[in-house]
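Following: one structure in structure tokens, then a few remarks.
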Amino acid sequence: MDINYELYKVFYYVATTLSFSEASRYLFISQSAVSQSIKALEKKLGQPLFIRSTKKVKLTPAGELLLKHVEPAIQLIGHGEAQLMESQSLGLGQLHIGASDTICRYFLVPYLNEFHKKYPTVPIKVTNATSLACVGLLEQGKVDLIVTNAPNPRLNQSYIVKTVAEFHDVFIANPACFPFAGDEISLQDLAAYPLIVLERKCTTMEFLRNLFLQHHLELLPAIELSSNDLLIDLAHIGLGIGFAPDYCVDKHPEQLTTLRIRETIPARQMAACVNPSMPVNESTRNFLELLPTV
């Protein structure tokens, strides 16, 4: 079906803003031109894409389906245009990284600092998201590079450029509130205590849940959080036993004890990843060279 790209572009802006007037402002065309473009697209596709009313615009089921395919295409084109413009003006292009708050704070900062000193004219953008969500950003071309925890159930192994770190997750507690006195404790016994963990939609929680399942245990946390720093703070004041990467805990040693767990907790890794279907700009390549290989 031969349909002008501009019609899909107009559709994308109307669909994402749910407003003909907002779309006209983004596209610098009249609202009438937006309306005519949508009518032309609907005619070519043979079905309505929007439900129009005096107060709001809503996507039809057909419109929702079309948006799922048009949105990543528009974003990929925009991403490519941005890279071309940046490579022209800067020689290298910007560096756009996706990573979780924890990885940014405890791992990436010194490498970002080193990169900035070495290439001071290159813009650096960092998008914070969970390691699971970062994979989606990379697939959609919204970032050039991600550093993510592994194993990661959403990560295509072909995306991994190199493993940049290895770490262990540990259970931590305030000994004044949970006086285990260095005793070894099983996961089954640990499950009886209030556990402080990260929220469900993250690789750490997936890892912990699978660990409990492997030992035929049900994980019922007392507190779920979106931040390892807050998790450590709450463990510090004795609200429960926390579960966090050891490299975070090492930065908060006061009044926290790492518990001795009877079962073996496997190591995890951090992986630097790019989308092999997307061009890798010079800035991304240079940043990858700064990262260690484990």
Side-chain angles (χ1 to χ4, degrees), residues 3-13 15-16 26-27 65-104 107-109 111-112 114-116 118-165 201-203 269-294:
I3 296 179
N4 192 312
Y5 163 74
E6 289 301 319
L7 296 183
Y8 284 122
K9 189 174 180 181
V10 173
F11 165 78
Y12 168 74
Y13 280 103
T16 53
Y26 276 112
L27 295 165
L65 177 61
L66 184 61
L67 180 61
K68 288 180 181 179
H69 296 278
V70 170
E71 184 171 27
I74 297 288
Q75 290 173 345
L76 284 174
I77 291 170
H79 188 72
E81 289 174 343
Q83 282 198 355
L84 285 174
M85 295 298 291
E86 288 155 4
S87 63
Q88 275 187 323
S89 60
L90 299 170
L92 291 172
Q94 74 169 4
L95 174 66
H96 193 174
I97 298 175
S100 69
D101 291 345
T102 301
I103 290 175
C104 284
F107 178 75
L108 283 177
V109 167
Y111 300 105
L112 290 170
E114 184 179 355
F115 181 87
H116 180 60
K118 197 169 182 179
Y119 307 102
T121 62
V122 176
I124 298 173
K125 289 182 68 177
V126 178
T127 298
N128 285 143
T130 66
S131 286
L132 293 175
C134 280
V135 176
L137 295 175
L138 189 62
E139 289 175 339
Q140 296 166 31
K142 292 182 178 179
V143 296
D144 303 312
L145 162 76
I146 64 171
V147 178
T148 171
N149 289 330
N152 185 326
R154 296 185 186 174
L155 183 62
N156 187 320
Q157 293 300 303
S158 68
Y159 286 14
I160 298 176
V161 177
K162 60 180 175 178
T163 300
V164 296
K201 294 182 179 180
C202 69
T203 53
Q269 296 78 37
M270 283 184 212
C273 310
V274 300
N275 188 335
S277 67
M278 297 286 294
V280 179
N281 65 26
E282 190 69 19
S283 294
T284 301
R285 281 193 287 268
N286 290 340
F287 186 76
L288 283 168
E289 289 179 4
L290 296 178
L291 296 177
T293 301
V294 175

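When a residue number appears, it is its place in the shown sequence, counting from 1.
- Within the structure, ring pair (Phe, Tyr, Trp, His ring centres under 6.0 Å) pairs that include any residue of residues 128-150 do not occur (at least two apart or interchain).
- Put simply, OG1 on T293 and CD on E289 are 10.5 Å apart, with the number rounded to the nearest 0.5 Å.
- One finds the OG1 atom of T148 at 11.0 Å from the CG atom of L137 (value rounded to the nearest 0.5 Å).
- By the 4.5 Å heavy-atom criterion applied to side chains, I74 and Y5 are counted as neighbours.
- Qualifying side-chain contact (heavy atoms from CB on, under 4.5 Å) partners for A133, counting only residues two or more places apart in sequence or in other chains: A129, T130.
- Looking at every heavy atom in both residues, L76 comes nearest to G141 through CD2-CA, 3.9 Å.
- Counted within 6.0 Å of OH on Y26, heavy atoms from surrounding residues, nucleotides or ligands total 12 or fewer; the atom is thus considered open.
- A 4.5 Å side-chain heavy-atom check between V147 and S131 finds every atom pair outside the cut-off.
- Using a 4.5 Å heavy-atom threshold, the side chains of Y8 and L66 count as touching.
- The side-chain heavy atoms of I97 and K125, taken from C-beta on, include no pair separated by under 4.5 Å.
- The shortest non-hydrogen separation linking Y13 to L27 is CD1-CD2, 3.5 Å.
- For the salt bridge (Lys or Arg N to Asp or Glu O under 4.0 Å) test, no residue two or more places apart in sequence or in another chain qualifies with R154.
- Listed here is the closest heavy atom pair of Q94 and V122: CA-CG1, 4.0 Å.
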Item checked: Check against side chain to side chain contact (heavy atoms under 4.5 Å, CB included), D144 and L95 -> CA-CA 7 Å; D144 303 312; L95 174 66; 5.6 Å; no
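- In this structure, the side-chain hydrogen bond (donor to acceptor under 3.5 Å, both in side chains) partners of T127, at least two apart in sequence or on a different chain, are H96.
- Of the N and O atoms on the side chains of N281 and T284, at least one donor lies less than 3.5 Å from an acceptor on the other residue.
- Listed by chain and residue number, nothing satisfies the ring pair (Phe, Tyr, Trp, His ring centres under 6.0 Å) test with Y12 (two or more places apart in sequence, or in another chain).
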Acceptor/donor pairs from residues 272-279 side chains to any protein atom, 3.5 angstrom cut, sequence neighbours excluded:
{"from": "N275", "atom 1": "OD1", "to": "S277", "atom 2": "N", "distance (Å)": "3.0"}
{"from": "N275", "atom 1": "OD1", "to": "S277", "atom 2": "OG", "distance (Å)": "2.7"}
{"from": "N275", "atom 1": "ND2", "to": "L138", "atom 2": "O", "distance (Å)": "3.2"}

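- With sequence neighbours excluded, no residue satisfies side-chain hydrogen bond (donor to acceptor under 3.5 Å, both in side chains) with K9.
- Between S100 and N128 there is no side-chain heavy-atom pair separated by less than 4.5 Å.
- Residues satisfying the side-chain hydrogen bond (donor to acceptor under 3.5 Å, both in side chains) criterion with E6, sequence neighbours excluded, are absent altogether.
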Can you give the donor-acceptor pairs under 3.5 Å from side chains of residues 157-165 to other protein atoms, not counting sequence neighbours?
{"from": "S158", "atom 1": "OG", "to": "N156", "atom 2": "OD1", "distance (Å)": "2.8"}
{"from": "K162", "atom 1": "NZ", "to": "L288", "atom 2": "O", "distance (Å)": "2.6"}
{"from": "K162", "atom 1": "NZ", "to": "L291", "atom 2": "O", "distance (Å)": "2.6"}

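- Counting only residues at least two apart or on different chains, the ring pair (Phe, Tyr, Trp, His ring centres under 6.0 Å) pairs with a member in residues 271-294 are F115-F287.
- Judged as a side-chain hydrogen bond (donor to acceptor under 3.5 Å, both in side chains), and not counting sequence neighbours, the contacts of T203 are N149.
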